[in-house]
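Positions are given from 1 along the sequence.
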Amino acid sequence: MKLTEKASLTNALLISICTPQFKGDEAKDSLAELARLVTTLGFKVVGTQSQKQSSTQRVNVLGAGKLAEIAHLTGNQGSVDDADTEDFFDETDFEDIPSENLPFACADVVVFDCDLSPSQLRNVENQLGVQVYDRTGIIIEIFSRHARTRTARLQVEMARLNYVAPRLRESTVGDNERQMGKGAGETNLELDRRKVRDQLAELKRELASVQDEMKGRRTQRSELFCVALVGYTNAGKSSMMRAITGSEVLVEDKLFATLDTTVRALYPITQPRILVSDTVGFIKKLPHDLVASFHSTLAEAHDASLLLYVVDASDSSFRSQLDVVHEVLEEVGVEGAQKLLVLNKSDQLSTDQQQALMEEFPDAMMTSTRNPLDIAKLHKYIVGVSEHGMIEDEIIVPYTAKGIIGEIRSSMSVTKEEYEYSHIKLTVRSNAIDLARLKKLMLNS
């Protein structure tokens, strides 16, 4: 199931199901986030509706009264109309939450801020007569549109097929209709499902090949100090990446504007070089299939020496967003690296707000990517952490040794140079691995 490219003309009605485990500010914040998600797809949010239910697992995810109310807002195109309200309303089953008055037939699609089972989705669509989407379907569509690299496209397509497979429907007139020459005894639905399984198997093989290539590139970079930017989507990671590396990376005020891991050198350039990677952003209720499929993308964070947890400090919900980041990174096995909390977008905070946050998070760094002094401070911090594990040594390089000086300057920090009659004596700072490799190279030269 894919959304059409006419999304820019689509009016969306958002539905929140409040349960004993999901209510209050958490439900409100999640619904506001869903509004940003559908806006990212080009939808226009015309209104929201909420209802209290004991669970989202019921066969009828909405009570009949609320369903009739929503049917009115979608033009009474399905099997439910206004006349049904009195017949089915039952206050013992649910508590209705009043919402704003919306005009008749104002919505083209309905989007639920929860996951719907295939049968729930089918039932609601039949009753309303319009397209219905759940939160996972919306997120997967955004990922699908924004994936650029081969790796991201493979990962997103696998997640999409895993989502679509149980939602396939019989396209023939009768469930028992057979297709000659397309598998004896198989219906169109069975053929479609087998096709999806075959596609998934092929994608897994292709992704495994790509992951081997990515692993090889990470191995080549393993001796360099690596920094990974992690955080909630739209926290400002891409702007931070652009500021500390001087690179032209995509920066948009949209959720999941970029999905592909970008690796650049810290700027101004250091010796040895320090690499910075911008990883995919996280979000609440990120579909499990997407978390699983993006393991290889998040491997950049797994291999990093320093993790910068970037949060939008101007967003009052950043604490719960930070919890989401911790949960996802723990799920994919990213732990053990040194961490720094970066309270970003400080230019949108008052002095009192900044002071309160620094008292709450004394080990964090307050920054704004628009402030060159803040970027210089962060650059100095990163360099300082990278040098903490370095050792200092003296290297004697004969003038007859070819290429050694270039190797030293490209991979080490030279703090002192002394030119003697037959050699150069260099005082360098580097990690133990690079020093050992250099001395072995000199012995063999």
Side-chain angles (χ1 to χ4, degrees), residues 23-33 35-36 225 227-247 249 251-257 266-268 270 274 276-284 301 304-330 334-388:
K23 58 185 178 181
D25 289 341
E26 182 182 8
K28 290 178 181 177
D29 290 343
S30 184
L31 191 62
E33 188 171 80
R36 295 197 64 194
F225 189 87
V227 180
L229 305 179
V230 297
Y232 213 70
T233 182
N234 213 44
K237 297 190 308 302
S238 293
S239 295
M240 182 74 67
M241 179 76 168
R242 175 182 250 176
I244 64 178
T245 65
S247 59
V249 297
V251 177
E252 285 188 90
D253 186 22
K254 288 183 177 181
L255 301 185
F256 303 112
L266 184 70
Y267 183 84
T270 60
I274 296 174
V276 183
S277 62
D278 178 16
T279 61
V280 61
F282 305 133
I283 197 170
K284 292 176 184 174
S305 307
L306 173 64
L307 295 178
L308 298 184
Y309 283 70
V310 182
V311 300
D312 178 358
S314 67
D315 188 336
S316 60
S317 63
F318 82 81
R319 294 167 186 81
S320 62
Q321 295 174 357
L322 190 58
D323 290 338
V324 172
V325 175
H326 284 300
E327 290 169 6
V328 175
L329 289 178
E330 183 178 350
V334 176
E335 54 189 18
Q338 186 169 342
K339 305 174 182 66
L340 173 68
L341 175 62
V342 180
L343 300 171
N344 195 30
K345 303 188 182 182
S346 63
D347 54 302
Q348 299 179 26
L349 299 172
S350 67
T351 302
D352 289 344
Q353 288 174 320
Q354 292 185 33
Q355 183 176 348
L357 284 175
M358 289 311 301
E359 290 176 358
E360 183 181 354
F361 302 100
D363 297 326
M365 183 178 292
M366 184 75 66
T367 66
S368 168
T369 56
R370 298 179 179 179
N371 188 336
L373 293 178
D374 286 349
I375 298 306
K377 178 176 65 175
L378 183 57
H379 184 284
K380 182 179 179 180
Y381 174 85
I382 293 171
V383 173
V385 174
S386 71
E387 290 180 345
H388 183 71

remark   = side chain to side chain contact (heavy atoms under 4.5 Å, CB included) with Leu341: of Leu357, Val311, Asp363, only one passes, and it is Val311
note = Sorted by chain and number, sequence neighbours left out, salt bridge (charged side-chain N to carboxylate O under 4.0 Å, His left out) with Asp323 holds for none
remark   = In this structure, CE of Met366 is separated from CG of Asn344 (nearest 0.5 Å) by 10.0 Å
Side chain to side chain, Met358 and Leu343, heavy atoms closer than 4.5 Å = yes
query = What closest approach, in Å, do Leu306 and Phe225 show between heavy atoms, and which atom pair accounts for it?
reply = CB-CZ, 3.9 Å
query = Ignoring hydrogens and geometry, is there a side-chain-to-backbone donor-acceptor pair from Ser30 to Ala27 under 3.5 Å?
reply = no
request  = Give, for atom OG of Ser239 and atom CG of Asp278, the distance between the pair rounded to the nearest 0.5 Å.
outcome  = 9.5 Å
task = Would you give the length of the straight line joining atom CG of Leu340 to atom CG of Leu378, rounded to the nearest 0.5 angstrom?
result = 7.0 Å
Closest approach of Tyr267 to Gly246 (non-hydrogen atoms, all atoms of both residues) = CB-N, 4.2 Å
query = Checking Ser350 side chain against Gln353 main chain: does a donor-acceptor pair fall under 3.5 Å?
reply = yes
inquiry  = Taking ring-ring contact (aromatic ring centres under 6.0 Å, His included) as the definition, give me every residue that meets it alongside Phe361, ordered by chain and number, with sequence neighbours left out.
reply    = Phe318
ask   = Does atom CZ of Arg370 have more than 12 heavy-atom neighbours from other groups under 6.0 Å away?
value = no
request  = Could you grab the distance from atom CD1 of Ile274 to atom OG of Ser386, nearest 0.5 Å is fine?
outcome  = 3.5 Å
inquiry  = Looking at Lys377, I'd like to know if its NZ atom is crowded, meaning that more than 12 non-hydrogen atoms belonging to other residues, nucleotides or ligands lie closer than 6.0 Å.
reply    = yes
ask   = Any side-chain heavy atom of Val276 within less than 4.5 Å of one from Met241?
value = yes
query = Just wondering, do Glu327 and Phe282 contact through their side chains at under 4.5 Å, heavy atoms?
reply = no
Verdict with reasoning, Arg36 to Asn234, per side-chain contact (heavy atoms from CB on, under 4.5 Å) = CA-CA 11 Å; Arg36 295 197 64 194; Asn234 213 44; 2.7 Å; yes
ask   = Do you know which of Thr369, Asp347, Thr367 makes side chain to side chain contact (heavy atoms under 4.5 Å, CB included) with Asp374?
value = Thr367
ask   = Which distance, rounded to the nearest 0.5 Å, do you find between the OG1 of Thr245 and the CG of Leu266?
value = 8.0 Å
task = Look up atom OG in Ser317 and atom CG in Asp312, then write down how far apart they are to the nearest 0.5 Å.
result = 8.5 Å
remark   = Checking Lys237, Glu33, Gln321 against Tyr232 for side chain to side chain donor-acceptor pair (under 3.5 Å), the one that qualifies is Glu33
request  = Only counting residues at least two apart or in another chain, list the ones meeting side chain to side chain donor-acceptor pair (under 3.5 Å) with Gln348.
outcome  = Ser314
ask   = Are any of the side-chain heavy atoms of Val342 and Leu229 separated by less than 4.5 Å?
value = no
